[in-house]
Protein chains: 2
Amino acid sequence: MTTIKDVAKQAGVSVATVSRVLNGNGYVHEDTRSKVEQSIRELNYTPNEVARSLYKRKSKLIGLLLPDIMNPYFPQLARGVEDEMQENDYRLIFGNSDEKKQKEMEYIQTFVQNNVVGVISSTNDPEADMYTGLNIPVVFLDRTSNDRPSVFADGREGGRIAAQEMMLRGSKEITVMQGPADVRPALERFEGAVEVLEDRGAAYQVLKTTSFSLTDAEGFAYELFRQYPDTDGVIASNDIVASAVLKEAHRLEKRVPEDVQIIGFDDILLSSLLAPSLSTIHQPAYEMGRAAARLLIELIEGQHIERSSIEFPVEFMERQTTRKVES
Amino acid sequence: MTTIKDVAKQAGVSVATVSRVLNGNGYVHEDTRSKVEQSIRELNYTPNEVARSLYKRKSKLIGLLLPDIMNPYFPQLARGVEDEMQENDYRLIFGNSDEKKQKEMEYIQTFVQNNVVGVISSTNDPEADMYTGLNIPVVFLDRTSNDRPSVFADGREGGRIAAQEMMLRGSKEITVMQGPADVRPALERFEGAVEVLEDRGAAYQVLKTTSFSLTDAEGFAYELFRQYPDTDGVIASNDIVASAVLKEAHRLEKRVPEDVQIIGFDDILLSSLLAPSLSTIHQPAYEMGRAAARLLIELIEGQHIERSSIEFPVEFMERQTTRKVES
DNA sequence: TTGTAAGCGTTATCAC
DNA sequence: GTGATAACGCTTACAA
């Protein structure tokens with residue numbers, strides 16, 4: 001490995017001088033500068049970030065903690081974060097938490113051990129000690145927090161919209177699938193839907209689900225139509241679950257949307273490709289990832305912060321699993 | 001931040017002793033050990049990995065470079081890698097290359113600057129200087145390399161199988177969609193398909209495509225049926241493209257699989273959820289990710305290597321976009 | 001304008 | 001068994 005010493009020797013100067021041209025601070029004669037720059041080029045030198053990080057007690061690394069990159073919603077978030085970070089010369093240490101506090105803690109710890117300068121996390125508990133005790137900026141992504149920096153979509157409103165659209169399009173026996181109780185965004189969209197249903201005195205049932213995995217979702221879908229065979233409208237906890245419901249409806253030879261309407265949540269790639277294509281509540285995941293990264297960078301670099309809590313609007317994507325409404 | 005010095009002071013010993021108990025080497029009296037361990041617990045001390053990394057010139061970090069985490073195939077690979085690494089106390093620095101040499105180089109460089117001990121990369125050019133010049137182990141994932149460690153699926157055989165199944169099930173005017181020419185696995189599966197088609201003297205056309213993005217794929221699908229309206233069998237370059245073809249076929253009111261058969265590649269989540277569900281060539285992506293990680297760890301830790309080039313078999317998933325064959 | 005040297009938090013060598 | 005201390009590669013006072 002070539003170090004700053006090698007460059008210094010080559011150029012016939014001290015390491016301090018090399019460091020100065022590297023970082024562009026302090027005085028350095030134009031001639032010296034070009035000599036040094038040439039040596040850098042000749043030796044193909046790049047500074048050791050670890051040594052830098054040790055001295056400055058800060059790196060160019062960011063910790064990114066997501067529940068599960070295999071869930072199709074999260075890659076969009078991740079890519080948004082990555083693109084913004086990459087453009088600003090930050091790098092990502094990445095981990096999956098599986099919504100497990102234990103794994104979450106382990107990652108946060110190793111983030112700290114590696115001198116990350118900031119963390120982006122999708123946690124269900126932003127008030128946990130591991131975050132409040134951190135002395136670097138944290139941005140919560142896809143998770144709400146009132147008093148701490150966060151970027152999220154308006155899930156509650158999403159739930160409301162889903163219920164409204166469902167009723168507007170004529171469903172009378174609505175089943176709301178409640179996502180895992182400990183996953184905050186899942187809870188919020190559920191509450192939003194129920195709020196509207198209650199308000200309007202509509203008939204509805206709740207089916208509790210405990211995971212977003214496809215295999216489990218197929219089981220929930222089966223249960224759904226077994227327990228509530230007369231349901232004519234399903235508000236699913238996300239698009240994966242909605243897909244499973246759609247598939248099960250097909251299997252039972254129910255017509256969609258004539259016999260049952262289905263509304264999902266997230267608007268992942270899959271949704272528009274299904275036949276019939278899935279009506280769903282769209283979240284701008286990629287943009288949310290970017291926004292979280294931008295916010296974190298502002299926090300890190302001590303810039304002026306406009307808003308430290310950014311809520312993105314959601315949007316109903318009318319596709320083919322809901323009926324047309326006469327205008 | 002609490003350092004080894006703080007622990008030493010608390011425990012009334014020198015930093016050397018603390019280091020010894022931390023790393024479990026050298027002699028240390030049982031009483032001293034427990035005193036030190038207690039101080040570590042009390043102060044909630046964890047060693048600074050950056051300082052360690054500087055001294056030892058190696059970290060617990062791995063560089064992972066994938067083309068695009070938003071392409072549904074890669075999250076499975078990534079998760080496989082992550083799970084295996086996490087279980088072995090390694091952490092991942094992650095980047096997307098977009099199949100661009102420039103981005104790839106930037107990432108490899110920052111990997112090195114951060115003292116990563118190994119790299120897993122999906123590159124199209126394993127022989128590039130940036131890899132050959134690296135003095136840490138590299139494993140190529142989802143990319144073939146004869147003489148360097150790599151983990152990949154038998155894409156060529158996948159292409160062959162696709163062509164065979166297509167003909168076996170009665171397609172006479174097959175269109176093979178060729179993926180981006182510079183993406184190695186895409187090329188291999190294409191060549192495999194053509195090999196069989198040529199061998200059997202079958203009629204076929206080729207449609208070149210340049211990307212795997214859904215938006216582009218829809219354009220290719222449109223072109224496909226415009227240029228080759230009589231095609232009765234499509235071998236797509238991956239499942240995303242296959243989905244777009246399926247959608248376009250629906251739009252043109254072609255029956256699938258009666259009028260056109262479609263075979264995809266990858267077997268992503270989406271494929272089994274489509275209606276009709278997509279017949280495709282399955283790659284065990286998650287397992288491939290794990291295998292790559294395991295191999296890299298063996299390389300890093302200097303263990304005995306069984307095989308440094310691991311090829312996974314692919315498998316035809318018969319679903320509903322291909323016709324049944326009489327047995 | 002440049003060089004010397006201390007220090008970032010570890011580990012490992014060598015005395016004691 | 002244990003403690004000083006040099007070293008890892010860099011940045012930054014401070015001196016010159």
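These numbers come from a predicted model, not from an experiment. Heavy atoms only: backbone and side chains are in, while hydrogens, waters and symmetry mates are out. Lettering of chains follows the sequences in order, A, B, ..., and the numbering in each one begins at 1.
- Between A:Phe140 and A:Tyr131, the distance separating the two ring centers is shorter than 6.0 angstrom.
- In summary, the side chains of A:Arg57 and A:Asn115 do not present any donor paired with an acceptor at a separation below 3.5 Å, with no hydrogens or angles considered.
- Counting only N and O atoms by type, the side chains of A:Thr144 and A:Glu188 include a donor and acceptor under 3.5 Å apart.
- Judged by distance alone, with hydrogens and angles left aside, B:Arg20 brings a side-chain donor or acceptor within reach of the base of D:dG3, the pair sitting under 3.5 Å.
- Checked for salt-bridge contact, B:Arg184 and B:Glu127 miss the test: no charged N lies under 4.0 Å from a carboxylate O.
- Annotation: A:Lys9, atom NZ; neighbour count of heavy atoms from other residues, nucleotides and ligands within 6.0 Å does not exceed 12.
- Between the C1' atom of D:dG1 and the CG atom of B:Asp31 lies a distance of 12 Å, rounded to the nearest Å.
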Polar atoms only, N or O, under 3.5 Å: list the protein pairs with nucleotides 5-9 of chain D and their distances.
| residue | atom | partner | partner atom | Å |
| --- | --- | --- | --- | --- |
| D:dC8 | O3' | B:Arg57 | NE | 3.4 |
| D:dC8 | O2 | B:Tyr55 | N | 3.2 |
| D:dG9 | OP1 | B:Arg57 | NE | 3.1 |
| D:dG9 | N2 | A:Ala51 | O | 3.3 |

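- For B:Tyr27 and C:dT11, the OH to C1' distance is 19 Å, given to the nearest whole Å.
- Between A:Asn25 atom CG and C:dT1 atom C1' the separation is 14 Å, expressed in whole Å.
- For the pair A:Glu49 and A:Arg52, the salt-bridge criterion is met [side-chain N within less than 4.0 Å of a carboxylate O].
- In this structure, the CG atom of B:Asn23 is 19 Å from the P atom of D:dG1, given to the nearest Å.
- A salt bridge between A:Glu106 and A:Lys100 is absent, with no side-chain N of the basic residue lying under 4.0 Å from a carboxylate O of the acidic one.
- Between the NZ atom of B:Lys58 and the C1' atom of C:dT11 there is a distance of 14 Å, given to the nearest Å.
- Listed pair B:Thr17 / D:dG3 meets the phosphate criterion, a side-chain N or O lying under 4.0 Å from OP1 or OP2.
- Across all strands shown, B:Thr32 has heavy atoms under 4.0 Å from sugar-phosphate atoms exclusively, and none from any base.
- Rounding to whole angstrom units, NZ of residue A:Lys60 and C1' of D:dC10 are separated by 16 Å.
- Summarising the geometry, the separation between CD on A:Glu49 and P on C:dG9 is reported as 18 Å, rounded to the nearest angstrom.
- Base contact: A:Ser19 has a heavy atom under 4.0 Å from a base atom.
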